[in-house]
2 protein chains.
Amino acid sequence: MPRSQRRPALIHPEPDEFDLLDVLHALSDPTRMTIVQTLRAAPERACGTFPVEVAPSTLTHHFRVLREAGVIRQREDGNRRWTALRGEDLETRFPGVLDAIVTAYESELTRP
Amino acid sequence: MPRSQRRPALIHPEPDEFDLLDVLHALSDPTRMTIVQTLRAAPERACGTFPVEVAPSTLTHHFRVLREAGVIRQREDGNRRWTALRGEDLETRFPGVLDAIVTAYESELTRP
DNA sequence: ACCAACGTACGATGTTCGTCGTACGACGAA
DNA sequence: TTCGTCGTACGACGAACATCGTACGTTGGT
């Protein structure tokens, strides 16, 4: 029996339920912003393949914050959990927000 | 002798020193977002004239968070402290970010 | 000179947050 | 079946945070 039927399904709020302040809070952490930035280049990634240096359990925590804010979507696939950006949903609910933020973050990284 | 010469000057980072994650964190609080939203309509306001329901000392705290992130500018004038949005500075450093966020926040408020 | 108004500084308090180690469950391969 | 891998859940811990009350300094008017 697959994991998806033995464990509670992952919580993914609908765009109508997104809270902008939750999204901003989710993006105000360097580890989480690195995750989001990485996902803009790769459409879908496994959990362990992000260029961050934190413990696995810490990464799980950050994924939950992003997921419950509506920033990412995760799906089960055997032993892996694939993560993708909910770019379209965010664009529908908060037009221009994610794009402006990630663009600004990348320009900040290449500047100082 | 005016207050500005007897107390340490207010800290106002230059646009080059802005940290996007600090800005996002500053904006991820409902009280502070209300301050920002209010400042978009009125160019400059005294501290006690914001439609927030927190204690004065709490308001001082929120102003400091916004000020040190570069979101607002404050100047002394007699017994009052006037607060203004640093819209142009933010636009220079992080184009489109503040506008997208405040617009999204206002659309969220009118749309439960 | 006095006093009320404005806003700050400081300390206290309860909560949230980021981090980790450990234990565990599910899956895939040998 | 046995074992290693992937990722989670839980508990713990220190730091940061939002909030407040109180005391205080400055200012402007009476």
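Protein chains get the first letters and strands the later ones, always in sequence-line order, with residue 1 at the start of each. These values consider heavy atoms only, across backbone and side chains, with no hydrogens, waters or symmetry-generated copies. Please read all numbers here as calculations on a predicted model, not as lab measurements.
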Asker: Less than 4.0 Å between a side-chain N and a carboxylate O, is that true for B/Asp99 and B/Arg40?
Answerer: yes
Asker: Reckon A/Val65 touches a base, only the sugar-phosphate, or nothing at all at heavy-atom distances under 4.0 Å?
Answerer: nothing
Asker: Work out which heavy atom in A/Met33 is nearest to a heavy atom in B/Leu20; give both atom names and the distance.
Answerer: CE-CD2, 4.4 Å
Asker: Taking atom types as they are modelled, is there a donor-acceptor pair under 3.5 Å from the base of C/dG18 to the side chain of A/Thr58?
Answerer: no
Asker: Grab the CD-C1' distance between A/Glu53 and C/dC20 for me, whole Å please.
Answerer: 15 Å
Asker: Any idea which heavy atoms bring A/Val71 and A/Leu90 closest together, and the distance?
Answerer: CA-CD1, 3.9 Å
Asker: In residues 42-49 of chain A, which residues come under 4.0 Å of DNA chain D by heavy atom?
Answerer: A/Ala46, A/Cys47, A/Gly48
Asker: What is the distance from CD1 of A/Ile35 to P of D/dG7, rounded to the nearest Å?
Answerer: 12 Å
Asker: Just how far, in rounded Å, is C1' of C/dC20 from CZ of A/Arg64?
Answerer: 14 Å
Asker: Considering every strand shown, what is the Watson-Crick or G-U wobble mate of D/dC20 when both distances are under 3.5 Å?
Answerer: C/dG11
Asker: What nucleotide, of D/dT19, C/dG18, C/dC20, holds the atom closest to the side chain of A/Asp29?
Answerer: C/dG18
Asker: Taking NE2 from B/His62 and P from C/dA9, how many angstroms apart are they, rounded to a whole number?
Answerer: 15 Å
Asker: Are OP1 or OP2 of D/dC6 and a side-chain N or O of A/Arg81 less than 4.0 angstrom apart?
Answerer: no
Asker: For C/dG18 and A/Arg32 - does any side-chain N or O of the residue sit under 4.0 Å from the phosphate oxygens OP1/OP2?
Answerer: yes
Asker: If you define the side chain from C-beta out and look only at heavy atoms, does anything of B/Phe50 sit under 4.5 Å from B/Thr83?
Answerer: yes
Asker: Mind calculating the distance between CZ (B/Arg67) and C1' (C/dA9) to the nearest angstrom?
Answerer: 12 Å
Asker: Kindly give the heavy-atom pair with the smallest separation between B/Thr34 and B/Pro51, and that separation in Å.
Answerer: CG2-O, 4.0 Å
Asker: Between B/His25 and A/Ser28, what is the shortest heavy-atom contact and its length?
Answerer: N-CB, 3.6 Å
Asker: Using a cutoff of under 3.5 Å, can you pull out all pairs of nitrogen or oxygen atoms linking the protein to nucleotides 3-5 of chain C, with atom names and distances?
Answerer:
unit_1, atom_1, unit_2, atom_2, d
C/dA5, N3, B/Asn79, ND2, 3.1

Asker: Consider the side chain of B/Val54, meaning its heavy atoms from C-beta on, and name the nucleotide among C/dA9, D/dC20, C/dG18 that approaches it most closely.
Answerer: D/dC20
Asker: Round to a whole Å and report the spacing from CD of A/Glu76 to P of D/dG7.
Answerer: 10 Å
Asker: With a 4.5 Å cut-off on side-chain heavy-atom distances among I, L, V, M, F, W and Y, is there a chain of contacts connecting A/Leu98 to A/Phe18?
Answerer: yes
Asker: Taking atom CG of A/Leu21 and atom OH of B/Tyr105, what is their separation to the nearest 0.5 Å?
Answerer: 5.5 Å
Asker: In this structure, how many angstroms lie between the P atom of C/dG21 and the NE2 atom of A/His61, rounded?
Answerer: 16 Å
Asker: Quick one: closest heavy-atom pair of B/Ala69 and B/Ala26, and the distance?
Answerer: CB-CB, 4.1 Å
Asker: Tell me: CG of B/Leu59 to C1' of C/dG7, nearest whole Å?
Answerer: 9 Å
Asker: To the nearest 0.5 Å, tell me how far A/Glu108 CD sits from A/Ile101 CD1.
Answerer: 12.0 Å
Asker: Tell whether A/Ser57 reaches the base of C/dG21 with its side chain through a donor-acceptor pair below 3.5 angstrom.
Answerer: yes
